S.K.: 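Pasting in a structure now, in structure tokens, and then I'll have a few things to ask.
Remember, it's a predicted structure, so these values are computed and weren't measured experimentally. Convention: sequence-line order gives letters A, B, ...; per-chain numbering from 1.
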2 protein chains.
Amino acid sequence: MSREIRRTMPLLSMNIVMQLTELSARQIRYYEEHHLIEPHRTEGNRRMFSLNDVDTLLEIKDYLDQGMNMAKIKKLFAKKNEPVSTDERDLSDSELRNIMREEVRQAQRMQKSSIRRGDLSRFY
Amino acid sequence: MSREIRRTMPLLSMNIVMQLTELSARQIRYYEEHHLIEPHRTEGNRRMFSLNDVDTLLEIKDYLDQGMNMAKIKKLFAKKNEPVSTDERDLSDSELRNIMREEVRQAQRMQKSSIRRGDLSRFY
DNA sequence: AATCCATGTTAGGAAAGCTTACATGAGTGG
DNA sequence: CCACTCATGTAAGCTTTCCTAACATGGATT
């Protein structure tokens, strides 16, 4: 859970994500256009990526290498992020919305605020 | 050991390090001037910090908050990075130089090259 | 042959980072 | 109390990085 926060912390700039993924800026932006990732933005509108985003990008790259097209990849991700199947789900839509809103807030807080001494060790 | 590489991977830009540490750019550059950190540079001369650097900065901040001055902090770090005491060391200077050179190369490679799918999981 | 898709490329502009230089307020020593 | 030093702030001028928008293109698909 707090692990989830870490993975969603927007730490990385375009530059470094290009290096980590070996994708071009154009590609990365294109995948964002298709809502496969949704990087944060700085006040100045620059994209900031999380480790989650990098992971997703690597996954996309794999799929494309395998000859899959965007449409299929989109569906794949849609499935993955699908709410739990109806029989095991017990949250109302509004509850779900609350949870997601909270997650977003948390990520934003992480983006802005500092971390305490020692917290860093979680990253490696 | 490969852990060491991870911690030294220059992933973070000024912006985000300022946020993570709550230090000003001026402060961070000043500490670099005093050789307490030595961030990598992009081709375009921008600083790129590792998690190790952030750790060090947080440590510096702690010491300053405790009323220590730069001179003392420098000595502290010098002590910490001192080569192993003479009795337990068995590497010649040239061997040591080789090792350090290799470490630098490795870090640089990490900076430039991509990572394989799955490698990311090491980060969180 | 006409389209579509994923990506390249280019242009123009804005944000973020760099160095250098000077300013300043809190301590410190003479 | 004056002169200094130290850690930091701030400003100017410049370069790099990133942004969006638009058009170009080569390989599939129809």
S.K.: Nearest whole angstrom, please: distance from the P of C:dA16 to the CG of A:Asn15.
M.R.: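 Taking atom P of C:dA16 as the reference, CG of A:Asn15 is at 15 Å.
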S.K.: Backbone N or O of A:Ser50 within a donor-acceptor pair of the A:Asp53 side chain at under 3.5 Å?
M.R.: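 Checking the backbone N and O of A:Ser50 against the side chain of A:Asp53, a donor-acceptor pair under 3.5 Å is found.
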S.K.: Are any side-chain N or O atoms of B:Lys61 and backbone N or O atoms of B:Thr21, one a donor and one an acceptor, separated by less than 3.5 Å?
M.R.: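 Yes, B:Lys61 side chain to B:Thr21 backbone: donor-acceptor pair under 3.5 Å.
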S.K.: For a quick check, with a 4.0 angstrom heavy-atom cut-off, what is the B/S/- contact string for nucleotides 2-12 of chain C, read 5' to 3'?
M.R.: ----BBBB---
S.K.: Return the value, rounded to whole Å, for the distance between atom NZ of A:Lys72 and atom P of D:dA28.
M.R.: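 In whole Å, D:dA28 P lies 14 Å from A:Lys72 NZ.
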S.K.: Step by step, work out the salt bridge (Lys or Arg N to Asp or Glu O under 4.0 Å) result for A:Arg41 and A:Glu32.
M.R.: CA-CA 12 Å; A:Arg41 299 292 185 125; A:Glu32 179 187 8; 3.3 Å; yes
S.K.: Starting at NE2 of B:His40 and ending at C1' of C:dC18, how long is that distance when rounded to a whole Å?
M.R.: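 About 18 Å, once rounded to whole Å.
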S.K.: Output the rounded distance in Å from NZ (B:Lys61) to P (D:dT8).
M.R.: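 The distance from NZ of B:Lys61 to P of D:dT8 comes to 11 Å, rounded to the nearest Å.
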S.K.: What's the shortest heavy-atom distance between B:Pro39 and B:Met48, and which atoms?
M.R.: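 Smallest heavy-atom distance, with atoms named: CB-O, 3.6 Å.
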S.K.: Would you mind reporting whether A:Arg47 and A:Thr42 have side-chain heavy atoms less than 4.5 Å apart?
M.R.: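 Not in contact.
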S.K.: In whole angstroms, how far is the C1' atom of C:dG17 from the CG atom of B:Leu12?
M.R.: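 Atom-to-atom, B:Leu12 to C:dG17, this comes out as 15 Å.
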S.K.: What are the two closest heavy atoms between A:Met68 and A:Leu64, and how far apart are they?
M.R.: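 That would be O-CD2, 3.3 Å.
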S.K.: Polar pairs (N or O, both sides) under 3.5 Å between protein and nucleotides 13-15 of chain C?
M.R.:
unit_1, atom_1, unit_2, atom_2, d
C:dA15, N3, A:Arg46, NH2, 3.2

S.K.: Could you point out which residue of B:Ile16, B:Ile37, B:Leu11, B:Thr56 forms a side chain to side chain contact (heavy atoms under 4.5 Å, CB included) with B:Phe49?
M.R.: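 Considering B:Ile16, B:Ile37, B:Leu11, B:Thr56, a side chain to side chain contact (heavy atoms under 4.5 Å, CB included) with B:Phe49 is found only for B:Ile37.
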S.K.: Report yes if the side chains of B:Tyr31 and B:Met70 come closer than 4.5 Å at any heavy-atom pair, otherwise no.
M.R.: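 Side-chain contact under 4.5 Å: yes.
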S.K.: Figure out the CD/P separation between B:Glu32 and C:dG17, and round it to whole Å.
M.R.: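 Between P of C:dG17 and CD of B:Glu32: 14 Å.
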S.K.: So what does A:Arg29 hit on the nucleic acid, given a heavy-atom distance under 4.0 Å: a base, only sugar-phosphate, or nothing?
M.R.: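 It contacts base atoms.
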S.K.: Does any part of the side chain of A:Leu51, heavy atoms only, come nearer than 4.5 Å to the side chain of A:Thr8, both counted from C-beta?
M.R.: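 A side-chain contact under 4.5 Å is absent here.
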S.K.: Rounding to a whole Å, what distance do you find between B:Met18:CE and D:dG9:C1'?
M.R.: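 Rounding to the nearest Å, CE of B:Met18 and C1' of D:dG9 are 12 Å apart.
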S.K.: Give the rounded distance in Å between these two atoms: CD1 of B:Ile28 and C1' of C:dT19.
M.R.: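 After rounding, the gap between these two atoms is 16 Å.
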